[in-house]
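Just so it is clear: chains get the letters A, B, ... in the order the sequence lines come, proteins before strands, and each one is counted from 1.
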Amino acid sequence: MRDPLVELTERGLYCRAGDFYIDPWQPVDRAVVTHAHSDHAIGECAHYLTAAPGRDLLAMRVGDGAAIQPLAYGEAIVHHGVGVSLHPAGHILGSAQVRLEHHGEVWVVSGDYKLSPDPTCAAFEAVRCHCFISESTFGLPIFRWAPPAATMHDVAAWWRANQQSGRTSLLLCYALGKAQRLLAGLDPEIGPIYVHGAVERCNAVYRAGGVRLPAAPPVLEAARSAEFERALILAPPSAQGTPWTRRFKRPVRGFASGWMQIRGTRRRKVVDRGFVLSDHADWPELLAAIAGTGAERVLVTHGYAQALARHLCERGLDAQPLATRFVGEAGGEEVLPAPEPTDASDPPEDEPAEDELSDMSEPPASEETAP
Amino acid sequence: MRSFAALYAALDETTRTSEKVAAMRAYLAAAPPEDAAWAVYFLIGRKPRQAVGARKLRTWVSEAAGVSEWLFEECHEAVGDIAETAALLLPPPSRTTEQPLHRWVHDRLLPLAGKDEAAQRADLRAAWDELDRNERLVFHKLITGAFRVGVSQRLVIAALAELGELAPATVAHRLMGDWQPSAAQFRGLVAAESDQPSASRPYPFLLAHALEGEPAELGPRDAWQAEWKYDGIRAQVVRRGGQLFVWSRGEELIGERFPELAAAAGRLAEGTVLDGELLPWKDGELLPFAELQRRIGRKNLSRTILAEVPVTFLAFDALEAGGRDLRERPLAERRPILEQLLAPLAGEVLRVSPVVTAATWQELAALRQDSRARGVEGLMLKRRAAPYGVGRVRGDWWKWKLDPLVVDAVLVYAQSGSGRRASLFTDYTFAVWQDGALVPFCKAYSGLTDAELTEVDRFVRAHTLERFGPVRSVTPELVFEIGFEGIARSRRHKSGVAVRFPRILRWRRDKQPVDADHIDALEALLGA
Ligand SMILES: [Zn+2]
């Protein structure tokens with residue numbers, strides 16, 4: 001029996017034949033990176049290979065000076081005899097599945113992916129393979145997304161209702177990916193949209209990459225007299241409860257995440273409204289994607305890996321969980337219910353100094369993702 | 001059903017009480033009165049009896065959704081609520097329904113309990129095919145007898161009071177007692193003119209608050225009436241229309257379980273309502289509360305148990321006399337009326353709660369120190385000038401309890417909570433040391449902050465030793481200070497003791513499991 005083309009090591013998923021890592025969690029010499037979320041893209045690797053549309057997002061994450069080789073979707077290179085190509089994963093701008101071919105055997109590493117439509121990135125492409133390494137962030141049959149258009153409709157209705165009562169709509173969402181998807185899906189005619197600085201940084205990269213987004217100036221650049229009462233504000237979850245939010249009088253808080261499917265997680269966020277919107281595949285999408293690869297062997301990473309693998313085995317596939325350190329859509333606990341600040345003694349002028357993108361790297365506390 | 005499910009979702013989604021009241025008011029105003037009647041019935045916490053158990057629901061949902069039962073369990077663990085898990089797992093319905101709530105209740109829900117399994121399963125399948133996710137959640141909660149929504153009775157009363165432009169106390173009174181939801185009943189509930197009250201209807205109980213400061217801060221000693229704070233079952237005795245009704249605070253009719261009281265109170269004058277405490281009392285002496293629990297636990301009231309644990313009704317207030325509502329009169333006037341009412345009847349079963357006499361607060365404080373020896377929890381302080389208010393009025397009635405008994409114990413088992421905490425491990429079992437092993441001695445559910453709960457939840461998940469259904473045993477590492485009101489010997493408990501009202505006072509992060517208390521500490525408290 002041949003060695004597996006991809007194996008799990010201390011530093012991450014490793015292709016021994018080609019001597020490179022895929023989304024390593026420790027600095028390595030050569031890293032193929034599926035996308036720029038922090039649980040997949042680590043700094044200080046000597047060399048990066050990533051999909052061309054995601055190049056600048058990766059540079060933002062790991063630093064401008066990093067050696068990043070962009071590769072167009074579908075184009076193949078050969079490294080130490082291993083054919084490598086990248087294929088759209090539909091997760092965020094530039095997200096890719098990694099296809100590896102060696103002596104006629106094909107493996108695909110999915111990274112994070114979704115099948116539902118998203119105007120801000122290329123659509124997921126099914127790639128035939130012998131072995132598929134799939135994520136499983138939402139790998140339970142309770143997760144079934146409504147069509148995104150319906151969710152966007154709900155967000156718009158919520159925003160309008162808040163305008164009626166003269167209150168700011170503060171919508172918490174991931175700064176990279178989710179925020180742009182919301183922006184692209186909402187009607188800017190409803191009212192002004194403002195964003196947190198962390199969202200603005202990602203927006204700039206998306207716009208430079210040719211993704212059309214409506215005007216959404218950063219809150220800090222808004223005039224003092226800005227009409228926040230009618231506005232929709234997009235901010236990362238970590239902004240909740242910080243002095244930054246105090247400039248909005250009695251905001252109505254929403255949260256957009258796949259975890260909002262479960263009432264318990266929504267209530268623990270202490271938000272007024274949850275919107276079920278995820279950049280990860282739901283249960284039917286996971287099963288459809290896996291079937292679409294034609295793979296007879298499936299390795300399941302982060303999420304409900306045990307459950308999904310067991311279910312696939314019952315369906316006659318050779319499936320096993322794989323204990324990676326990816327966290328997917330950090331869910332339940334990444335934002336502890338922060339008490340609403342009651343005193344306004346801190347000046348609300350400054351944003352928190354720490355990197356706002358860090359909200360994407362917090363691990364969920366649920367045991368399902370523990371190795 | 002659709003709009004009631006939407007109301008449930010709206011109440012579930014907001015944490016603001018003003019929005020909850022507004023949502024209920026809007027629903028009740030728009031709904032047909034038959035629907036509104038059932039909505040009120042469910043919202044204030046009355047429920048139909050369980051028609052389908054969780055076990056059956058799990059099996060049938062797994063079947064209908066095409067998932068293995070182990071997968072259902074995985075989902076249940078992620079969601080934390082069986083009704084919600086079932087609602088999420090089922091395939092989308094093929095139809096919708098416009099059937100109003102009351103028709104659902106009459107035609108589908110109430111008959112379900114009396115059917116055999118095959119018919120129940122068929123009914124559920126038919127229901128699932130026409131209910132969406134929100135409706136299914138409500139439906140599942142109702143059929144499993146687990147319907148609960150985050151509104152207090154006070155909020156429901158506020159919504160009804162706004163709707164009918166009535167005083168909340170009026171609505172609260174109309175909601176008491178025995179009633180069946182109907183269009184006429186709902187109209188009566190919000191009608192301006194009071195209808196003829198049913199003979200059985202009790203008054204809303206006035207509840208006391210815990211005294212936090214010093215009693216001297218309450219003002220002059222003689223403005224307050226002091227009584228012992230007994231540990232029994234709060235009850236209202238209603239004598240009207242030639243009948244006798246005994247109501248618990250949970251608004252249950254409990255007269256049948258206390259035949260000796262029915263016999264004695266049957267001699268009360270027509271149009272009398274008394275408030276008081278049911279206590280286990282034998283040969284002129286108070287028995288421990290555990291004895292009363294033992295009696296309540298019995299399905300059949302045998303001659304033996306009646307002889308072993310007789311009860312007394314210790315009356316402390318008169319709410320109605322001669323058919324007249326006395327609640328607006330000050331306590332100073334109600335007290336002599338109470339004494340007059342009971343003077344000819346007082347005996348073993350009916351007594352008047354004695355007034356504790358002490359000239360000064362200091363003298364009273366000294367008497368309070370004897371509470372445990374007397375088998376009471378402390379003192380009640382009641383403002384002599386105050387009327388009998390509705391619900392939790394602050395400032396007129398104070399519980400001045402002894403400080404709780406305290407031990408340090410180790411967390412050994414955890415179980416997920418319910419409602420808002422359904423997906424968190426929040427129900428804990430604590431143990432103390434005995435012969436080098438940890439022996440569980442109580443369960444406690446409350447006392448931690450949300451942040452602490454989240455932290456303990458994370459600990460439980462990371463330190464699970466074994467699973468027993470929903471319960472997990474965990475590595476004994478965390479130490480908590482547990483307070484409780486009383487302690488008694490118990491053969492039903494492994495530790496040999498049963499404690500009353502245990503709660504977590506604080507997390508002792510500074511302590512290791514070895515620092516936790518030994519069973520001796522509990523034994524010592526038995527004599528305290
Ligand atoms: Zn990602």
Could you list the residues that satisfy ring pair (Phe, Tyr, Trp, His ring centres under 6.0 Å) with Tyr113(A), not counting sequence neighbours?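 Phe124(A).
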
Sole residue of Trp145(A), Trp283(A), Tyr304(A) in ring-ring contact (aromatic ring centres under 6.0 Å, His included) with Phe138(A):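 Filter result, single survivor: Trp145(A).
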
What part of Leu90(B) gets closer than 4.5 Å to chain A, counting heavy atoms only: side chain, backbone, both or neither?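 Only the backbone of Leu90(B) comes within 4.5 Å of chain A.
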
Glu84(B) portion near chain A, given a 4.5 angstrom heavy-atom threshold: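 Answer is side chain: those atoms of Glu84(B) sit under 4.5 Å from chain A.
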
Counting only heavy atoms from other residues, nucleotides and ligands, does the tally under 6.0 Å from CZ of Arg315(A) exceed 12?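 12 or below, so no.
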
Chain A interface, residue from Leu71(B), Leu89(B), Asp12(B) that has the most non-hydrogen pairs under 4.5 Å: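 Option with the top pair count is Asp12(B).
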
Which of Cys75(B), Ala65(B), Ser68(B) touches chain A most, by non-hydrogen pairs under 4.5 Å: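 The residue among Cys75(B), Ala65(B), Ser68(B) with the greatest pair count is Cys75(B).
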
So how far is it from Ser473(B) OG to His463(B) NE2, rounded to the nearest 0.5 Å?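 Ser473(B) OG to His463(B) NE2: 12.5 Å, rounded to 0.5 Å.
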
Side chains of Thr475(B) and Glu477(B) only: does a donor on one sit below 3.5 Å from an acceptor on the other?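 Looking only at side-chain atoms, Glu477(B) and Thr475(B) do not form any donor-acceptor pair under 3.5 Å.
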
Looking at every heavy atom in both Arg121(B) and Glu63(B), which two are closest together, and how far apart are they?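 Smallest interatomic distance, heavy atoms only, reads NE-OE1, 2.7 Å.
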
Name the option with the most non-hydrogen atom pairs under 4.5 Å to chain B; the candidates are Leu140(A), Ile262(A), Ile142(A).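 Among the listed options, the one with the most contacts to chain B is Ile142(A).
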
Looking at Arg144(A), His311(A), Arg273(A), Arg310(A), which makes the most heavy-atom pairs under 4.5 Å with chain B?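 Among the listed options, the one with the most contacts to chain B is Arg310(A).
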
Interchain contact, Glu314(A) with chain B, by part (heavy-atom threshold 4.5 Å):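 For Glu314(A), the side chain is the part near chain B, not the backbone.
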
